Amino acid sequence: MKIIVCVKQVPDSAAAMSVEDGKISWGDAPLVINPWDEYAVEAALRLTEAQGGDVIALSLGDENAKEAIKHALAMGCSEAILVNDPAMAGADTQAVARVLAAAIQKIGGADIVVFGKQAIDSDVGATPSMVARLLGWPAVTLVSEIVECTQSEIKASRAMEEGRQQVAAELPVVLSIVKDYGEPRYPSFMGIRKAARASVPEWTVADTGIDLPSAVVTWPNVMAPPEREVTNEIIEGSNPEEIAAKLADKIMEEKVL
Amino acid sequence: MANRVWAYVDQFKSQALLASWEVVFTGRKLADQLGSGLTVLVIGSHLDALAKAAIEYGADEVLLVDDPSLEDYRASPYAAALAGAVGENKLDIFLFPTTTRGREVAGMAAIDLNTGVLVDVTEIKLDGDKVTAIRPVYAGKLLSEVVCNAKPQLVTLRGRAFEKPVPDAGRTGTVTKLPTVMAEDEIKLKVTGYQAAEGGVSLTDASVIVSGGRGTSNNSAEPPAEITDESEKEIWKAQQGFILINDLASVLDGAVGASRAAVDAGYVPYVHQVGQTGKVVSPDLYIACGISGAIQHLAGMRSSKVIVAINKDPEAPIFKYARFGVVGDLYKILPPLTAAMKERLEK
């Protein structure tokens, strides 16, 4: 079984974000693999462990994306490809999806393409469904459990508002994985060594066989959210009952219930 | 002439999600500003009642793709039905709710209609027929202004961020049924079942959330003797706190939330996680119990209208964001608070 897992590099979730001279800054916080993508790598690895086969990590980004790729390799992916094209700076989700879909075709397709649920930087969460649409494959997004997978079919549970939807889809298929799937493994010492030595081929957009897609969505301005004026009031009292009664009155006064 | 503003209604088992009516209601306002009518598209099965409701919330024209093969949501036939309904119509704006299905259908529509999508926006401004939207990025640590330079401009609206929809039973509109696009044997995915969510209000819809963090394990009660494993003991202790949190949430008709630390430690399942790698929420009232306020958690709840923090540590960062704070033990405060709220709400 051939599986491609798409990974992205993002600022660590603990980063305090700011805007300096119109540019997004994450200070000295490290860039890491998108936390959701670790679940995608885990799912891809478990599928090949059960079925046999290889996992290829695919990323689109600049030099920085190599850390995400190394992490995926250290977890156990057998090879990786980086699409690194300066012309993709400022690309929107559909442009990214078009390049990823082209790269997947260029790799020779796959039985399964796996994504994380969304990236924690842009929070768009549409890349998996767009790539599925471009490839013409079924999209099985928000997978919380893979019940069964054979060479021709996958059975999975999807996390939706109302609970879990159980589906069966023909391969090839695009999946996105949510945290319920199960904890991602830590890279092993051997894995880290292997990843450090791995050579990662770099492709331009032209190498994927398509013309550069133009960005349709642009973001003319990024800003810090308005400071919230919060008047802090500490509720005190001589015993918990008194504090609770005071707090209950204050909550009622806010008229939010 | 076709309408220039469209809205998509997300439904489950022929019931619309509330966010869908926010989308229709907002679509009505945008259509009025543009001097256009509003077309509402509903895809599914047994949709007649929804068509009527869509008109009450602001539709002039309702398009139904109503077929037994569309009873369960499946991305491909829904996306195909949407692309078929749009066809050659020239529209400016197409609004969707940011639900799991709405987000997915809108993404696929961007590919089919050769345009872009502005996802999970919290504000919309119109300049002529051009949308400028605001959307939170980095889980709300920053805001981004976004525009879509192709048409239709696809936009998914964050739930509870736009005006509360008010139906008007006196409105009139037309209902047109469209043929389904994909035959069953062309669809490579089958829905084999559902497992309903555990009871309780879902986090994203909740107007009140009571959340617990690591502090819930700070419990002086001793676990039953048969629990010997240290981490099992800790989980038992914390879960007693979540029972109190659940009691308060029930009285307030709210949902139960949790910090990532509480989820990672195994106190409660992931569906409850609020924050950058959980759900981003914005309820009217957020009560944080034993949550210190890590930056990832704050990002996920800081836009809540009123924040209440109960924490033993007076230095906890959460207090800076809290309208009301109690420096104290959640195990001592929560039971009388639940009783006091029950009394005041006459329950």
Side-chain angles (χ1 to χ4, degrees), chain A residues 13-14 16-17 19 24 35 92-94 120-126 129-130 133-134 138-142 157 160-170 179-180 216-225 228 230-235 240-241 243-245 247-248 250-252 254 256-257, chain B residues 12 17 75-76 79 99-100 103-104 107-108 110-111 115-120 137-150 188-197 202 252 270 276-277 284-285 295-296 305-306 319 321-328 332-333 336-337 340-341 344:
Chain A
S13 66
M17 305 299 300
V19 180
I24 295 174
D92 65 345
T93 311
Q94 59 81 32
I120 64 159
D121 52 359
S122 62
D123 287 331
V124 172
S129 51
M130 285 183 177
R133 197 73 184 151
L134 287 160
V140 184
T141 54
L142 310 175
S157 284
M160 303 200 318
E161 281 85 351
E162 300 81 9
R164 289 182 174 194
Q165 186 194 44
Q166 279 129 16
V167 300
E170 285 174 33
K179 191 169 172 177
D180 297 290
V216 176
V217 172
T218 53
W219 39 100
N221 259 314
V222 183
M223 59 224 127
R228 290 197 39 179
V230 183
T231 318
N232 307 123
E233 192 176 336
I234 296 292
I235 313 290
E241 285 69 27
I243 295 171
L247 178 57
K250 294 283 185 188
I251 290 172
M252 294 305 289
E254 292 290 323
V256 287
L257 291 173
Chain B
F12 180 76
L17 278 75
S76 306
T99 55
T100 56
R103 190 191 288 250
E104 184 163 282
M108 292 192 164
I111 297 301
T115 181
V117 57
L118 312 178
V119 170
D120 203 21
V137 291
Y138 299 89
K141 289 177 189 171
L142 297 177
L143 298 177
S144 175
E145 215 174 73
V146 280
V147 294
C148 177
N149 300 301
K188 294 171 191 161
L189 182 144
K190 310 279 173 226
V191 174
T192 54
Y194 281 103
Q195 198 185 329
S202 102
L252 303 176
Y270 171 64
Q276 196 167 5
T277 52
D284 296 329
L285 175 62
I295 189 163
Q296 298 96 326
K305 221 177 259 172
V306 175
F319 283 120
Y321 296 81
R323 173 70 185 90
F324 304 115
V326 175
V327 180
K332 295 213 170 77
I333 303 292
L337 180 60
M341 291 310 303
R344 280 156 183 77

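Keep in mind that what you see is a predicted model, and the values were worked out from it rather than measured.
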Please look at [X] and chain B and tell me whether the side chain, the backbone, both or neither of the residue comes under 4.5 angstrom of a heavy atom of that chain.
X        : value
A:Ile235 : both
A:Pro35  : side chain
A:Leu257 : side chain
A:Met130 : both
A:Glu254 : side chain
A:Ile243 : side chain
A:Thr93  : neither
A:Val230 : side chain

As an exercise: rank [options] by heavy-atom pairs under 4.5 Å with chain B and give me the winner.
options                               : result
A:Gln165, A:Met160, A:Gln94, A:Glu170 : A:Gln165
A:Ala224, A:Pro138, A:Ala139          : A:Pro138
A:Ala16, A:Gly125, A:Ser122, A:Ser129 : A:Ser129
A:Ser157, A:Ala126, A:Ala245          : A:Ala245

Is there a donor in the side chain of B:Gln296 and an acceptor in the side chain of A:Ser13, or the other way round, less than 3.5 Å apart?
yes
Atom NZ of B:Lys190: over 12 foreign heavy atoms under 6.0 Å
yes
Step by step, work out the side chain to side chain contact (heavy atoms under 4.5 Å, CB included) result for A:Asn232 and B:Arg323.
CA-CA 5 Å; A:Asn232 307 123; B:Arg323 173 70 185 90; over 6 Å; no
Quick one: of [options], who has the most non-hydrogen atom pairs under 4.5 Å with chain A?
options                                : result
B:Ala322, B:Ala150, B:Gly140, B:Ala110 : B:Ala322
B:Met108, B:Glu104, B:Arg344           : B:Arg344
B:Ile111, B:Thr99, B:Val146, B:Val119  : B:Ile111
B:Val147, B:Val327, B:Val326, B:Val191 : B:Val147
B:Ile295, B:Leu142, B:Thr277           : B:Leu142
B:Ala340, B:Cys148, B:Gly116, B:Gly193 : B:Gly193

Check whether B:Thr192 reaches the backbone of A:Gln166 with its side chain - one donor and one acceptor, N or O, closer than 3.5 Å.
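The answer is yes, because a donor-acceptor pair under 3.5 Å joins these two groups.
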Between B:Asn149 (side chain) and A:Val217 (backbone), is there a donor-acceptor pair under 3.5 Å?
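Checking the backbone N and O of A:Val217 against the side chain of B:Asn149, no donor-acceptor pair under 3.5 Å is found.
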Output, in order, the C-alpha distance, side-chain angles, deciding distance and verdict of side chain to side chain contact (heavy atoms under 4.5 Å, CB included) for B:Asp120 and A:Asp123.
CA-CA 8 Å; B:Asp120 203 21; A:Asp123 287 331; 5.9 Å; no
Heavy-atom pair with the smallest gap, counting every atom of [X] and [Y]:
X        : Y        : answer
A:Pro220 : B:Glu145 : CD-O, 3.4 Å
B:Lys141 : A:Met17  : CD-CG, 3.6 Å
B:Gln276 : A:Ile120 : NE2-O, 3.4 Å

Is the shortest heavy-atom distance from the side chain of B:Tyr138 to the side chain of A:Ile24 under 4.5 Å?
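Touching, per the 4.5 Å side-chain cut-off.
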For B:Phe319, which atoms come within 4.5 Å of any heavy atom of chain A: side chain, backbone, both, or neither?
both
With side chain to side chain contact (heavy atoms under 4.5 Å, CB included) as the criterion, how do A:Arg133 and B:Ser76 come out once you've worked through the C-alpha distance, each side chain's angles and the decisive distance to 0.1 Å?
CA-CA 8 Å; A:Arg133 197 73 184 151; B:Ser76 306; 4.3 Å; yes
From CD1 (B:Ile333) to CD (A:Glu241), nearest 0.5 Å:
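CD of A:Glu241 is found 8.5 Å from CD1 of B:Ile333.
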Applying side chain to side chain contact (heavy atoms under 4.5 Å, CB included) to A:Glu162 and B:Leu17, what does each step give before you reach the verdict?
CA-CA 10 Å; A:Glu162 300 81 9; B:Leu17 278 75; 3.7 Å; yes
